[in-house]
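Remarks on the structure that follows.
Residue numbers begin at 1 in each chain, while the letters A, B, ... track the order of the sequences.
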Number of protein chains: 2
Amino acid sequence: MRLVIARCEVRYSGRLTALLPVATRLIMVKADGSVLVHSDNGSYKPLNWMMAPCRLRESSPSPEAAAMGVAAVWTVQNDKTTDRLEIDIHEMLSDSAFEFGVDPGLVKDGVEAHLQALMAEQITVLGEGHTLVRREYPTAIGPVDILARDSRGGTVAVEIKRRGDIEGVEQLTRYLELLNRDPLLRPVAGVFAAQEIKPQARVLATDRGIRCVVLDYDAMRGVDDVESRLF
Amino acid sequence: MRLVIARCEVRYSGRLTALLPVATRLIMVKADGSVLVHSDNGSYKPLNWMMAPCRLRESSPSPEAAAMGVAAVWTVQNDKTTDRLEIDIHEMLSDSAFEFGVDPGLVKDGVEAHLQALMAEQITVLGEGHTLVRREYPTAIGPVDILARDSRGGTVAVEIKRRGDIEGVEQLTRYLELLNRDPLLRPVAGVFAAQEIKPQARVLATDRGIRCVVLDYDAMRGVDDVESRLF
DNA sequence: ATGTCGATTTCGCTG
DNA sequence: CAGCGAAGTCGACAT
């Protein structure tokens with residue numbers, strides 16, 4: 001990884017056009033060639049960037065640019081698109097490089113997938129007598145998180161979210177519309193399950209006859225086998 | 001901005017739990033206290049981070065941790081939530097700080113807002129005789145991008161997207177459903193306008209009686225006053 | 001390659 | 001403050 005601190009102007013053109021006026025910033029060049037421009041302001045994402053695959057070319061400024069105080073010009077060109085980053089280096093304040101080696105990567109616990117696994121194990125949170133048909137039940141427009149049957153054998157489609165907003169209700173609605181065309185499944189009831197359900201989402205869901213279930217992640221995790229926790 | 005290169009293990013707990021095993025990484029501490037942990041792998045976002053407002057505390061490792069090779073422990077605690085980042089520094093390879101000053105920030109051109117402004121100016125791209133009622137027409141479930149009237153005085157609701165996919169059609173459908181409950185407006189026709197419309201979105205829109213319009217951004221911009229371009 | 005969907009989504013705006 | 005929607009969304013995974 002190469003780290004450059006420089007006073008620079010940055011221009012991006014591609015899906016949109018963006019300009020960063022001259023200021024001191026951090027330019028990060030990663031091992032795969034990707035380039036990130038960070039300010040000292042909060043914001044976990046760079047002000048401007050170019051993702052791999054791309055090519056960094058360092059060149060001398062034109063006489064006009066040099067007269068404007070540009071010491072060097074970096075051009076980062078995406079290999080596959082017309083996306084391009086142009087960095088006018090006005091003053092190089094620091095330039096260093098480090099070898100990092102391979103990163104083992106991030107291990108996560110507690111994302112939606114885990115919530116779905118817990119719910120599949122504890123399917124009776126939907127009500128007594130519920131049984132699991134399968135997780136990630138495939139449809140033409142994407143997988144339904146959970147397909148189950150209620151105590152009377154009726155089909156139940158469950159959409160699980162950490163935070164339940166209106167989009168999740170729309171998603172479930174699309175699945176229900178499709179599933180209810182299948183004579184072997186219909187009628188299919190919908191359940192919108194989330195750790196937190198936004199009022200507007202609840203209104204929309206209720207209006208469409210979709211039941212809302214609020215999930216207690218910690219409680220479900222507590223019931224769950226300790227072994228299933230990653231750490 | 002403080003830049004640290006270190007062999008470290010990072011643990012995040014908060015909305016989820018995440019673990020980064022020991023490896024060499026860049027730790028960026030920004031002026032507002034936010035902390036970003038980057039690997040040398042591509043990925044424009046950090047592996048782990050904590051956004052401001054938060055507090056960084058540097059402390060000595062416990063005897064057990066020290067025996068495991070931990071030289072220092074950084075704890076980054078969010079001021080308002082229970083989100084916490086714990087960084088075990090095993091080996092400090094570099095530690096430097098720089099003064100950046102204020103960043104003037106990013107100026108963008110060509111985003112959806114611009115597309116919407118152009119369309120409001122050139123509302124007849126919808127057809128002869130169309131007139132603008134207003135942009136960002138408010139409804140209970142959010143603002144409609146553009147409300148217009150056709151040559152016969154009929155109401156037209158327009159949803160504008162850079163990339164038109166199925167979500168945009170759903171969004172417009174929700175607006176239409178609501179607007180058509182208003183006796184003063186109904187019947188309200190829908191127009192789905194985008195620079196590019198995905199086939200699936202077009203099928204869904206057509207099925208729902210929504211007209212699709214492909215926008216030529218460059219052409220609209222060309223017609224537009226040169227002054228309106230930022231650079 | 002394309003489609004779908006989650007995300008510690010973040011970010012910005014508006015009421 | 002919440003709510004809504006955009007994002008150069010990114011990134012992972014399945015088809």
Side-chain angles (χ1 to χ4, degrees), chain A residues 11-18 34 36-37 41-52 54 78 80-85 105-106 108-116 136 138-145 159-163 165-168 170-172 174-175 194 198-201, chain B residues 10-18 34 36-37 41-52 54 76 78 81-85 105-106 108-116 136 138-145 159-163 165-168 170-172 174-175 198-201:
Chain A
R11 292 177 299 280
Y12 162 74
S13 64
R15 277 162 286 186
L16 56 67
T17 315
S34 56
L36 287 67
V37 180
N41 301 344
S43 166
Y44 88 123
K45 75 185 220 180
L47 291 167
N48 260 332
W49 69 94
M50 185 66 69
M51 292 187 314
C54 62
N78 188 297
K80 300 193 170 179
T81 70
T82 61
D83 286 32
R84 172 195 288 257
L85 209 58
L106 190 65
K108 291 182 187 182
D109 178 27
V111 290
E112 190 197 288
H114 197 194
L115 208 56
Q116 187 191 108
E136 302 286 347
T139 76
I141 56 171
V144 178
D145 285 342
E159 176 64 36
I160 298 174
K161 288 275 183 268
R162 282 198 320 110
R163 290 160 65 186
D165 63 6
I166 213 161
E167 284 313 310
E170 294 286 14
Q171 199 179 333
L172 177 54
R174 288 198 298 274
Y175 291 142
K198 292 285 173 69
Q200 302 228 354
Chain B
V10 185
R11 291 176 300 280
Y12 163 74
S13 65
R15 278 163 285 187
L16 55 66
T17 315
S34 57
L36 286 67
V37 180
N41 301 344
S43 163
Y44 89 127
K45 78 184 219 177
L47 292 167
N48 267 129
W49 68 94
M50 183 67 67
M51 292 189 314
C54 62
V76 189
N78 189 297
T81 70
T82 61
D83 286 32
R84 172 197 288 259
L85 209 57
L106 190 65
K108 291 182 185 180
D109 178 27
V111 290
E112 190 196 287
H114 197 193
L115 209 54
Q116 188 191 107
E136 301 287 348
T139 77
I141 55 170
V144 178
D145 285 342
E159 176 64 38
I160 299 174
K161 288 274 182 268
R162 284 194 314 107
R163 287 194 166 102
D165 62 6
I166 214 161
E167 283 313 308
E170 296 285 16
Q171 200 180 330
L172 178 54
R174 287 198 299 275
Y175 292 142
K198 293 283 173 68
Q200 302 223 356

Just to confirm, is there a sub-4.0 Å distance from OP1 or OP2 of C/dT10 to any side-chain nitrogen or oxygen of A/S43? no

Please classify the nucleic acid contact of A/D165 as base, sugar-phosphate, or nothing, using heavy-atom distances under 4.0 Å. nothing

Would you indicate what B/R163 reaches in the nucleic acid, counting non-hydrogen atoms under 4.0 angstrom: base, sugar-phosphate, or nothing? sugar-phosphate

A/E170: side-chain hydrogen bond (donor to acceptor under 3.5 Å, both in side chains) partners, not counting sequence neighbours: A/R208, B/R174

A/P138 vs A/M51, nearer the 5' end of DNA chain D by closest nucleotide: A/M51

Just by modelled atom types, is the A/N48 backbone N or O under 3.5 Å from a matching donor or acceptor in the B/Y44 side chain? no

Calculate the interatomic distance between A/Y44 atom OH and C/dG12 atom P; express it in whole Å. 12 Å

Using a cut-off of under 3.5 Å, enumerate the N/O to N/O pairs linking the protein to nucleotides 3-7 of chain C.
from: C/dT4; atom 1: OP1; to: B/Q200; atom 2: OE1; distance (Å): 2.8
from: C/dT4; atom 1: OP1; to: B/Q200; atom 2: NE2; distance (Å): 3.4
from: C/dT4; atom 1: O3'; to: A/I141; atom 2: O; distance (Å): 3.2
from: C/dC5; atom 1: OP1; to: A/I141; atom 2: O; distance (Å): 3.2
from: C/dC5; atom 1: OP1; to: A/Y175; atom 2: OH; distance (Å): 2.2
from: C/dG6; atom 1: OP1; to: A/E159; atom 2: OE2; distance (Å): 3.2
from: C/dG6; atom 1: OP1; to: A/K161; atom 2: NZ; distance (Å): 2.3
from: C/dG6; atom 1: OP1; to: A/Q171; atom 2: NE2; distance (Å): 3.4
from: C/dG6; atom 1: OP2; to: A/K161; atom 2: NZ; distance (Å): 3.1
from: C/dG6; atom 1: O5'; to: A/E112; atom 2: OE1; distance (Å): 3.3
from: C/dA7; atom 1: OP1; to: A/E112; atom 2: N; distance (Å): 3.0

Nearest-Å distance for atom pair CD/P, residues B/E170 and D/dG5: 13 Å

Would you confirm whether A/D83, through its side chain, and A/N78, through its main-chain N or O, come within 3.5 Å as a donor-acceptor pair? no

Nearest-Å distance once atom P is located in both C/dT4 and C/dT8: 22 Å

Interatomic distance where CG belongs to B/N41 and P belongs to D/dA12 [whole Å]: 10 Å

To the closest 0.5 Å, what do you measure between NZ (A/K198) and CZ (A/R163)? 5.0 Å

Kindly indicate whether the side chain of B/E167, heavy atoms from C-beta on, has any atom under 4.5 Å from the side chain of A/E167. yes

Starting at atom CG of A/L47, determine the distance to atom P of C/dG12, rounded to an integer number of angstrom. 10 Å

Figure out the CG/P separation between A/L85 and D/dG8, and round it to whole Å. 13 Å

Measure from CD on B/Q116 to P on D/dA7 and round the result to the nearest Å. 11 Å

Presence of A/R15 side-chain N/O under 4.0 Å of D/dC10 phosphate oxygens OP1/OP2: yes

Between C/dG15 atom P and B/E136 atom CD, what is the distance in whole Å? 9 Å

Rounded off to whole Å, could you give me the NE2-to-P distance for the B/H114 and D/dA6 pair? 17 Å

Here the gap from B/T81 atom OG1 to B/M50 atom CE, rounded to the nearest 0.5 Å, amounts to 6.5 Å

Please measure how far the C1' atom in C/dT14 lies from the corresponding atom in D/dG8, and state the result in whole Å. 24 Å

When A/K80 and A/L106 are each assigned the nearest nucleotide of DNA chain C, the 5'-most assignment goes to A/K80

Does some side-chain heavy atom of A/E136 sit less than 4.5 Å from a side-chain heavy atom of A/Q116? yes

